[in-house]
2 protein chains.
Amino acid sequence: MENQQIKQAGLKVTAPRVKILGILEHSGKRHLSAEDVYKELLSQDEEIGLATVYRVLTQFEGAGLVCRRHFEGGQSVFELNSGSHHDHLVCIKCGKIVEFVDSLIEDRQIAIAAEHGFRIEDHSLVVYGLCAGCQNAR
Amino acid sequence: MENQQIKQAGLKVTAPRVKILGILEHSGKRHLSAEDVYKELLSQDEEIGLATVYRVLTQFEGAGLVCRRHFEGGQSVFELNSGSHHDHLVCIKCGKIVEFVDSLIEDRQIAIAAEHGFRIEDHSLVVYGLCAGCQNAR
DNA sequence: GGGGAAACTGAAAATCTTTCGCATCTTGCT
DNA sequence: AGCAAGATGCGAAAGATTTTCAGTTTCCCC
């Protein structure tokens, strides 16, 4: 259960952390902004401040439990770290997010970085477009 | 000259716009934050407010003259739209930015988007790492 | 070449997201 | 239970960007 993951991350098991991890695991969406998490907590009548949400999410990120993504639009979104890296397809109209992995692209990135003398630490590929539903909707 | 580009964008030709476009074209760097542009204006003794810099850059973006990029680190950077799309390699230590284009990756993106029913509008691929210089520096 | 409406601008105030400061609680260990 | 380290909540602060508003400028037409 959640407590183990938190403990293994070297963090104390506290109510806010357990709640937040629970929300990340059981909310319908895989990608939540800090604000989303906060609203969800409020709707559950939890007395947890927004500052704590940010702090906890940042700690979880440091511990490798979640990943922080900076899509367009100002705020960051967090998602549970599912182990494998993946990229995103984001619908600019409805916000729908599809994850994908493509080893061909990954390989090319490595090759390109090498050509320029870079050692890759991380990367972010986001494709913005209209999903099938939104293309028809207009 | 700059005036034509501004006029063609449907914007009035004003001193701030001409100056800012000039800076984007003639400053050494291709990637400038609003703050960078503002500082450059100050160093030229121009009486142009930061708000105007943001307004102008946003208008230029809407007109397709420049592209706005959201790299990690809070602030956006703007670059002249050179016509062709390209991706970026960013050094997380010194901030060095290298542009690249890879048709293999572009093609895969299109194929992947199609598989998911998306129509691509835009995309952003940023690879973060350490450039050759920074790898040695430690 | 002047008049005026629409567009533009600077400065300050307002927003928005995220982080910090600090006094007060909790957790984990003894 | 008892304590020190670590957490939390709240309000304030910070940083980036946007808006407001009143005064200015540009552009088009006569």
Side-chain angles (χ1 to χ4, degrees), chain A residues 1-23 31-42 44-63 65-78 95, chain B residues 1-23 31-42 44-63 65-78 95:
Chain A
M1 71 189 323
E2 289 100 3
N3 300 22
Q4 290 314 303
Q5 303 180 54
I6 295 174
K7 196 165 288 181
Q8 285 171 16
L11 301 170
K12 287 187 178 176
V13 177
T14 64
R17 289 175 182 163
V18 174
K19 283 285 173 192
I20 291 174
L21 187 50
I23 287 174
H31 303 80
L32 297 167
S33 67
E35 198 71 32
D36 291 335
V37 173
Y38 181 57
K39 289 211 193 84
E40 182 62 26
L41 286 167
L42 288 185
Q44 292 178 18
D45 285 312
E46 293 295 333
E47 299 277 307
I48 295 178
L50 183 54
T52 299
V53 174
Y54 275 104
R55 259 187 307 235
V56 170
L57 287 172
T58 301
Q59 288 162 335
F60 282 0
E61 183 190 12
L65 288 176
V66 306
C67 290
R68 181 193 297 240
R69 312 269 178 194
H70 301 266
F71 293 159
E72 308 281 320
Q75 55 186 13
S76 303
V77 296
F78 297 83
Chain B
M1 71 191 324
E2 289 99 3
N3 299 23
Q4 290 314 304
Q5 304 179 53
I6 294 173
K7 196 164 288 182
Q8 284 170 18
L11 300 170
K12 288 186 176 174
V13 177
T14 63
R17 288 175 182 162
V18 174
K19 284 286 174 191
I20 292 174
L21 188 49
I23 287 174
H31 302 82
L32 297 168
S33 65
E35 198 72 33
D36 291 335
V37 173
Y38 180 59
K39 291 212 192 82
E40 183 61 28
L41 286 168
L42 289 185
Q44 292 179 19
D45 284 312
E46 292 297 333
E47 299 277 307
I48 294 179
L50 184 53
T52 298
V53 174
Y54 275 104
R55 254 186 313 235
V56 171
L57 287 172
T58 302
Q59 289 162 336
F60 282 1
E61 183 191 12
L65 288 175
V66 306
C67 290
R68 180 193 297 240
R69 312 269 179 193
H70 302 263
F71 294 158
E72 308 280 322
Q75 55 186 12
S76 302
V77 296
F78 298 82

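Keep in mind it's a predicted model, so treat the numbers as computed, not measured. In what follows, chains are A, B, ... by sequence order, proteins preceding strands, each numbered from 1.
Taking atom CZ of Arg68(A) as the reference point, atom P of dT18(C) lies 7 Å away to the nearest angstrom. Put simply, CZ on Arg17(A) is 15 Å from P on dT26(C), counting in whole angstrom units. In this structure, Leu57(B) atom CG and dT18(D) atom C1' are separated by 13 Å, rounded to whole Å. Distance Glu46(A) CD to dC10(D) P: 13 Å, rounded to the nearest Å. Atom pair Lys19(A):NZ and dT8(D):P shows a separation of 14 Å (rounding to whole Å applied). As rounded to whole Å, 16 Å separates atom P of dA13(C) from atom CG of Leu50(B). Counting to the nearest Å, the P atom of dT17(C) and the CZ atom of Arg69(A) are 20 Å from each other. Rounded to whole angstrom, the span from the OH atom of Tyr38(A) across to the P atom of dT19(C) amounts to 16 Å.
When the C1' atoms of four end pairs are superposed on the next four at each end of the helix from dG1(C)-dC30(D) to dT30(C)-dA1(D), using five pairs per end, the two resulting axes differ in direction by 30°, to 10°.
Regarding contacts with the backbone of dT9(C), every side-chain N or O of Arg55(B) stays at 4.0 angstrom or more from both OP1 and OP2.
Put simply, the side chain of His70(A) reaches to within 4.5 Å of the side chain of Glu72(B), judged on heavy atoms. Contact annotation: the side chain of Phe78(A) never approaches that of Asp36(A) to less than 4.5 Å [non-hydrogen atoms, C-beta and beyond].
Ile48(A) comes within 4.0 angstrom of the backbone, heavy atoms only, and of no base.
In plain terms, the two heavy atoms of Leu65(B) and Gln5(B) that are nearest each other are CD2-OE1, 3.9 Å. The two atoms that bring Leu57(B) and Val66(B) nearest to each other are O-CG2, 3.8 Å, heavy atoms only. Counting all heavy atoms, side chain and backbone alike, Tyr38(B) lies closest to Ile48(B) at CE1-O, 3.1 Å. Val37(B) approaches Ile23(B) most closely through the heavy-atom pair O-CD1, 4.1 Å. In terms of heavy atoms, Lys12(A) sits closest to Arg17(A) at O-NH1, 2.9 Å. When every heavy atom of Pro16(B) is checked against every heavy atom of Thr52(B), the shortest pair comes out as CB-CG2, 4.0 Å.
When the options Thr14(A), Val56(A), Leu32(A) are evaluated for a side-chain contact (heavy atoms from CB on, under 4.5 Å) with Ile20(A), the one that passes is Val56(A).
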All N/O contacts under 3.5 Å from nucleotides 11-16 of chain D to the protein, with atom names and distances to one decimal?
from: dA16(D); atom 1: OP1; to: Gln75(B); atom 2: OE1; distance (Å): 3.3

Find every protein N or O atom lying less than 3.5 Å from an N or O atom of nucleotides 27-30 of chain D, and list the pairs.
from: dC27(D); atom 1: OP1; to: Val13(B); atom 2: N; distance (Å): 3.0

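Taking SG of Cys67(A) as the reference point, atom CD of Glu61(A) lies at 7.5 Å (rounded to 0.5 Å). For the atom pair Lys19(B) NZ and Glu40(B) CD, the distance stands at 10.0 Å (nearest 0.5 Å).
Nucleotides of DNA chain D nearest to Phe78(B) and Ala15(B) differ in position, and the one nearer the 5' end is that of Phe78(B).
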